[in-house]
Structures are given as structure tokens and as C-alpha cells.
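Everything below concerns the one structure shown next.
The chains referred to below are lettered A, B, ... by the order of the sequence lines, with proteins before strands, and numbering in each begins at 1. Heavy-atom basis, side chains included; hydrogens, waters and symmetry copies ignored.
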Amino acid sequence: MIPPTLVDAITYSSLLGIMTFGLTFVRITTGVWNVAHGAFVTVGAYVVFTCTNLIGGNPYLYLPLAFIMGSITSVIEYLLIIEPLRKREASTTLMLVSTISFDLAMLSIINIYADYLQNVFNLPSKNFIMKKLDFTLFEAPGIFWVSFMFLIAFVIVLYFVLHYTKVGVALRACVSNPALANITGINVIYINLLSWFISGGLAGVAGGLLPLWIQGKPIVGDSFLALMFCVSIVGGVEEIYGTVLGGFLVGFTQTLVTLGLYAIFGAAVIPYKTLIPMMILVLTLLFAPKGLAKINWKKMLKIAKIGGPSKWKV
Amino acid sequence: MESLIVSFIIDLIALYSVYLIVNLSLNLQLGYAGIPNFGLVLAFTGGAYVMGWLPIRLCAWLFGIDPQLRANIIKNNAIIVSHINSCLQAQPLVAIGVFVLTLILALIVGAILGFISAYPAIRLRTDYLAITLLALGEVLAIIGRNYDPLVGGVIGILVPDLFSWAGESRFIVVSLMLLFMTALCFCIINIIVNSPYGRTLRAIRDNEIAASSLGKNVTRVRMQALVVGSMICSLAGALYASYSCYVGPAAYGRLEWTFLPWLMVIFGGVANNIGVMLGTFVFVTLRKLIEFYKYYFTFLPFDVVWLEYLLLGTIIVVILIFRPKGLISEKPSRTLAEKKLEKVVAELLHKRDSKAT
């Protein structure tokens with residue numbers, strides 16, 4: 001039997017990794033910190049909730065639909081707001097503000113939709129959880145297996161796409177130097193669109209999985225926003241795989257440190273567990289401002305072996 | 001209907017004043033110093049928590065409330081506040097004294113919060129800084145929700161009415177006081193931004209390297225701007241709590257006290273306090289009107305309040321695309337008066353001519 005703490009930590013970290021990946025990805029490709037990313041997560045949650053309640057069946061069946069709806073929402077944001085602003089050479093701060101407005105609009109639409117579901121179909125759309133519909137395998141909930149497998153599969157697929165396909169090479173070129181990529185004939189807009197599509201889709205999938213784990217509500221995605229930014233910065237926004245590292249560091253630390261503190265101070269510390277990612281963020285900014293992915297681990301190990309100088313450079 | 005309109009206007013003035021203080025503080029940080037503070041809610045909540053924490057304890061001690069009741073202020077909150085309010089009705093000077101003391105403490109707390117949140121992040125690039133401040137902005141909300149002795153946890157806490165001495169005119173007095181505080185903040189910020197220090201802020205905003213090559217300590221000046229901005233923001237939080245006589249973590253969310261101020265400032269015009277005044281007025285009035293008329297739309301299968309965010313979001317997107325500098329764009333900083341400037345130029349020209357001859 002897998003220890004429940006490990007199940008918790010892996011599920012939490014995997015979900016964090018999946019939902020934050022898109023946030024970091026669009027930051028790398030288009031230079032935009034997308035505050036509306038949480039809305040894509042919420043869209044995914046509502047797609048799965050609606051389909052499961054109105055059509056029936058297993059929630060996992062609707063994950064592809066959650067991916068598509070998340071992607072469509074993301075692409076709409078890109079085409080309606082980001083691309084026109086990019087053409088006008090808006091600053092990153094202005095683009096960030098534009099994503100806030102999109103988030104506001106999405107918040108309205110999601111709440112209107114939730115009200116509609118509640119009033120017309122009598123569904124508990126403002127607060128729902130679908131844990132009962134989940135399956136169990138080796139005494140661990142299905143969400144544990146699905147989220148972890150999905151993250152692993154995604155990282156493997158991404159690795160092969162980025163290294164062995166033309167689209168992947170174009171994507172990497174745009175990540176490294178968009179202007180140079182444009183000169184060499186790569187259609188940067190298509191690549192950007194692709195990155196927003198993937199980003200929204202992944203957030204949608206993470207959102208679709210969330211109600212199997214925690215309570216879904218119209219702000220379920222937005223409630224993870226600060227955490228997602230923490231993961232993104234801790235992992236490092238200049239390296240695609242940094243998010244996965246960041247997700248696992250934040251997820252595991254939060255779960256395990258909380259447990260450790262619980263053993264020492266009792267149950268009173270549990271509500272403060274959300275402060276742990278903030279502390280990790282502060283420590284990262286102080287000691288490794290470029291994030292985990294940019295730490296020179298070889299050098300660190302070498303220093304550790306020989307006793308090392310007093311100041312570690314990262 | 002008449003009384004409804006009067007209360008609408010009073011509430012509008014109060015809300016406008018509080019938002020304007022927050023927005024002016026953001027404009028100082030974003031518009032003049034170029035610091036994208038997405039953690040406004042941190043200082044705002046800090047100020048509100050001070051108002052929720054100090055006056056009730058201070059007044060309970062001053063008015064000799066039963067020590068047994070005082071032993072659990074959160075649990076006996078309603079009884080204690082009702083007793084304090086009845087005492088404050090007869091002692092306006094005590095009420096004003098407590099109010100001023102609380103505001104001073106709120107300013108100090110704001111400064112500390114500004115410094116703590118800025119310290120690890122101030123050297124970061126603009127967007128990194130923005131995101132870090134956004135994430136750190138959540139800290140007080142988490143503490144407030146979970147540490148009951150601070151402001152009553154999720155349920156919140158009632159704040160003694162420090163204007164109960166005004167009787168039936170309480171809301172008018174508070175609104176006027178808020179308007180006065182807003183005017184004061186407006187004047188102070190205008191003095192700051194039009195002083196040589198304000199020009200240093202703009203210089204750093206426009207070109208950090210150039211400003212640094214001229215001997216300006218960029219990190220220190222940015223830190224100072226963030227601390228001053230947080231102080232003003234914290235003041236707004238305390239004022240809002242004193243107006244609503246309630247503090248609860250749920251009332252101090254990121255959306256209301258970070259995102260909306262940002263949209264108002266961008267809408268009105270960054271680095272232009274008049275523009276910010278206008279932007280705030282349009283936004284707050286629009287929101288109040290939607291709230292006022294929402295009962296006429298009960299036939300809809302959803303709460304009409306949600307249309308508010310849709311409308312605001314759309315307006316901002318349109319503004320950002322077609323008028324990115326806002327309704328009123330930034331004006332060059334004021335230096336000397338025109339006549340004085342002409343005189344100085346004439347003197348300089350005269351000196352140059354006399355040297356040449």
C-alpha cells in the first residue's frame with residue numbers, strides 16, 4: 001500500500017506541475033505572465049462537472065473535452081488581446097494587465113454559467129466535489145495514478161516533440177530568440193498560437209482533474225494563481241522543465257513540512273501550509289533568483305564533495 | 001427613494017475616496033517609480049487588520065470593560081463593540097484620539113509590510129517583481145483566515161464605530177472625513193512627484209542605468225517608493241475598515257484590492273493623478289450603479305452583478321488596445337513657473353552673450 005502522505009504529495013505536485021506548465025510555457029514563448037491562466041483551469045473543471053452531471057459516465061472520459069475547451073479559451077485570449085497588443089509593442093506590464101481584464105471577463109462568464117446551471121438544472125455548481133466518482137487502484141485514488149501518469153507521459157512526449165520534430169525545433173527557436181526565429185522563416189504567430197493552445201489545454205486537463213481531488217467552485221483556478229506563480233518562479237522561467245521540478249519541490253515540501261510541523265506543534269499549523277510555497281519563493285529569490293532549473297548542480301556537487309567555499313554561486 | 005439616493009451618494013463618496021487613495025498609492029509606485037506592485041492587497045489588508053485589532057482592545061481597556069469579557073475579545077466581539085459604541089457616543093475626543101492612533105499604527109505597519117515584501121524582490125526585473133509581489137500579497141489573507149485572535153478568522157470581527165458620536169449623521173461625517181483624507185493624500189503625492197525626488201523616480205523608471213550613472217541609488221529609491229506606497233495603501237485599508245465597521249479576510253481579496261485598482265489606474269492614465277481621479281470615478285460610479293439597479297434584473301437566470309466584471313474587463317481591453325496611455329496621458333513634470341523660467345533663460349542668454357563679446 002502506498003502511504004497516504006506520498007499519495008497526497010505526488011497528486012498535489014503532479015497537478016501543480018500540469019497546471020503551471022502552461023503558465024511558464026507562454027511566459028517563455030510570448031513573454032506574457034498570464035493572470036487568466038487560472039480561468040482555463042476553472043473552465044476544465046466546469047466542462048467535466050457539466051458533462052458528468054448532464055450526460056453521465058466517468059469524469060475521466062471528459063478530459064479531452066476539458067483540454068479542447070481550455071485550449072479554445074486560451075487561443076481566444078491570445079487572438080483577441082495578446083496579439084493586437086504585441087503588434088502595438090505593448091510593454092510586458094501592460095500585457096499582464098490585459099490578462100487581468102480577460103480574467104475578470106472569464107470570472108463573470110464562469111459565474112454566470114454556474115448560476116445558470118444552478119437555477120436551470122438545479123446542480124450544485126457553486127460548490128461541488130466528484131471524489132465519489134473516482135476509481136481506486138492498489139488502495140490509492142484514481143486521481144493519483146492519472147495525474148502522475150499524465151505528467152510523466154506529457155514530459156516524455158514534450159521531450160520527443162521538442163527534440164525530434166520540426167515543430168519542436170521551431171518552438172525551441174522561438175523560445176531562445178523569437179526575432180531570429182522570425183528572420184529564419186518560422187511563423188512566430190503560429191508557434192505562439194500553438195504554445196497558447198497547449199497551455200490552455202493543459203490547464204483545462206488539470207482543472208478537469210481538480211474536482212476529483214478538492215472542491216470545485218467558480219474561483220477554483222484563480223485560488224491556485226499565487227501558487228502557480230510561486231512554482232513557476234521557483235522552477236525558473238527560462239527552462240521548460242523547470243516547472244515540473246518547481247511543482248514537485250513546492251508540492252512535496254508543502255505536504256512533508258506540514259506533516260513535520262504537525263508532529264511537533266499539533267494540528268494548529270495545518271491551515272498555514274499555504275504559506276510554505278511563499279517561503280520557498282522568498283528563499284529562491286534570495287539564493288537562486290533564476291530558479292531551480294538554472295542552478296549549476298554539477299558545480300554544487302563538486303563544491304559539496306571538496307568541502308567548498310563559503311559562498312555557493314548558482 | 002430620496003433617502004436611497006442620498007445613501008447611494010454617501011456610499012459612493014466613501015468608496016470613491018478609499019479607492020482613490022489606493023489608486024494614488026499605486027500610481028506613485030507604478031506610474032512614477034515604475035514598480036508594478038501587484039501586491040497592493042497586502043498593505044491594504046495590513047491597515048484593515050490594524051483597525052480590526054487595536055481600537056477594540058484599546059477602547060475595552062479605556063472604558064473598563066469586564067475583564068472576563070475582554071479575556072476573549074473575538075468570542076464576545078458583538079457585546080464588547082456594542083458597549084464601546086455606547087461609550088464612544090458620549091466621548092468624541094477619545095474616539096478621535098483612538099482613530100488617529102490607529103491610523104499612525106496602520107502607517108507603520110504599512111511601511112513594514114512594504115519593506116518586507118520588497119526586500120527579496122526589489123532587484124528583480126519588472127515582470128518578475130510584479131509576479132513575486134502578487135504571490136506575496138496573499139500572505140496576510142492566509143494568516144488572517146486562520147489565526148482567529150488577529151481579526152476573528154474566517155468570520156471576521158466587528159470594529160468599534162469611532163464615529164458613533166456623530167449620531168444620525170455618522171455616514172455623512174465619515175464620508176467627508178474620507179474625502180478630506182483623500183485630498184490630503186492627493187496633495188502629499190502631488191508634492192512628492194513634483195519635487196526633485198519625484199523627478200528622480202521618473203528618471204529611474206525611464207532609464208535605470210542612466211539614473212544610476214548619475215549617482216542615484218536605484219534600489220534604495222525604488223524601495224522607498226514601495227514603502228511610501230504601502231504606507232498610503234495601508235492607511236486606505238484602515239479607513240475602509242473604520243467606514244464599514246467590520247474586518248474579515250474575505251472582504252480583502254486580490255480582485256477587489258489589487259486587480260481593480262490596477263484597471264482603474266490604467267483606465268484613467270498612468271503617471272497622471274488627475275487621470276487616476278477620473279478613472280476611479282468612472283469605475284466606482286459604474287460599479288455602484290450596477291449594484292443599485294441590479295434588482296430590476298431579477299428575471300435573468302443569473303446574478304446581474306457578474307455583468308459588472310464582464311463590462312469592466314471589456315472596457316479595459318478596448319482601452320489597452322486603442323488608448324494604452326489611458327484617458328489622460330502623462331504630462332511632463334512641472335519645474336519652475338513659466339515666467340520664472342523665461343527670466344532664468346534670459347539671464348543665461350545674457351551671460352552667454354556678454355561672455356562672447
Side-chain angles (χ1 to χ4, degrees), chain A residues 27 31-33 35 80-81 84-85 87-88 90-98 100-116 118-120 218-219 222 225-230 232-233 237 268-275 277-279 281-286 289, chain B residues 30 34 36 38-39 116-117 119-121 123-132 134-139 141-143 145-147 153 253-255 258-260 262-263 265-267 270 300-322 324-325:
Chain A
R27 168 64 185 77
V32 180
W33 281 108
V35 173
L80 274 185
I81 301 172
L85 282 174
K87 278 184 184 160
R88 286 167 172 77
S91 67
T92 47
T93 310
L94 219 55
M95 290 220 252
L96 204 155
V97 174
S98 73
I100 294 179
S101 1
F102 189 78
D103 189 42
L104 272 186
M106 283 307 297
L107 183 76
S108 302
I109 293 168
I110 290 164
N111 270 290
I112 288 171
Y113 180 70
D115 278 356
Y116 179 77
Q118 196 172 38
N119 297 334
V120 177
I219 53 156
D222 279 330
L225 196 65
L227 201 61
M228 283 192 268
F229 283 129
C230 278
S232 194
I233 290 174
V237 292
V269 294
I270 293 175
Y272 299 101
K273 67 178 180 184
T274 32
L275 285 177
M278 314 293 169
M279 288 176 196
L281 173 70
V282 171
L283 289 174
T284 309
L285 289 175
L286 288 175
Chain B
L30 170 75
F38 272 95
I116 292 174
S117 64
Y119 185 75
R123 290 169 192 83
L124 297 175
R125 230 173 35 208
T126 323
D127 53 342
Y128 248 82
L129 176 65
I131 294 310
T132 307
L134 191 147
L136 293 177
E138 299 289 303
V139 171
I142 297 169
I143 296 173
R145 268 199 304 270
N146 298 300
Y147 184 61
R254 183 176 56 212
L255 178 71
T258 295
F259 288 174
L260 285 183
W262 262 84
L263 298 183
V265 170
I266 298 281
F267 179 72
V270 179
L300 290 170
F302 55 85
D303 193 341
V304 75
V305 166
W306 298 117
L307 288 178
E308 172 193 337
Y309 291 135
L310 193 63
L311 193 67
L312 298 181
T314 313
I315 291 172
I316 283 297
V317 169
V318 172
I319 284 280
L320 283 174
I321 294 175
F322 297 104
K325 288 188 174 174

Using only atom types and a distance under 3.5 Å, with no angle test, would you say the side chain of A:Y272 pairs donor to acceptor with the backbone of B:Y147?
yes
Would you mind checking which part of A:I112 comes under 4.5 Å of any heavy atom in chain B, side chain (CB onward), backbone (N, CA, C, O), both or neither?
both
So does B:P324 get a backbone contact from the side chain of A:R88, meaning a donor-acceptor N/O pair under 3.5 Å?
no
Rounded to the nearest 0.5 Å, how far apart are CD1 of B:I316 and OG of A:S98?
10.5 Å
Can you tell me how far apart CG (A:L96) and CD1 (B:I131) are? Round to the nearest 0.5 Å.
4.5 Å
B:I321 CD1 to A:I81 CD1 distance, which is reported to the nearest 0.5 Å
6.5 Å
What one should report as the nearest heavy-atom pair of A:L281 and B:A135 is CD2-CB, 3.8 Å
Residues which pass side-chain contact (heavy atoms from CB on, under 4.5 Å) with B:D303, listed by chain and number, not counting sequence neighbours
A:D115, B:K294, B:V305, B:W306
If you tally heavy-atom pairs under 4.5 Å between each of A:T93, A:L275, A:N119 and chain B, the highest tally belongs to A:L275
Select one option (side chain, backbone, both, neither) describing which atoms of A:L85 are under 4.5 Å from chain B's heavy atoms.
side chain
So which atom in A:A105 and which in B:L310 form the shortest heavy-atom distance, rounded to 0.1 Å?
O-CD1, 3.6 Å
Atom group of B:L311 that falls short of 4.5 Å from chain A, counting heavy atoms:
neither
Rounded to the nearest 0.5 Å, how far does OG1 of A:T274 lie from CD1 of B:I142?
3.5 Å
Could you tell me which portion of B:L30 (side chain, backbone, both or neither) has an atom closer than 4.5 angstrom to a non-hydrogen atom of chain A?
side chain
What's the spacing between B:F259 CZ and A:D222 CG if we round to 0.5 Å?
7.5 Å
From the list A:N111, A:T92, A:I219, A:L107, the residue making the most non-hydrogen contacts under 4.5 Å with chain B is A:N111
Nearest-0.5 Å distance, CD1 of residue A:I100 to CG of residue B:L320
10.0 Å
Is the shortest side-chain heavy-atom distance between B:L255 and A:D103 below 4.5 Å?
no
Max heavy-atom pairs within cutoff under 4.5 Å with chain A, candidates B:L260, B:L307, B:I266, goes to B:I266
For A:L80, is it the side chain, the backbone, both or neither that has a heavy atom under 4.5 Å from a heavy atom of chain B?
backbone
At a heavy-atom separation under 4.5 Å, does B:R145 approach chain A through its side chain, its backbone, both, or neither?
neither
Hits for side chain to side chain donor-acceptor pair (under 3.5 Å) against A:W33, two or more places apart or cross-chain, chain-then-number order -> B:D127
So which of A:V97, A:V35, A:V282, A:I270 has the largest heavy-atom pair count under 4.5 angstrom toward chain B?
A:V97
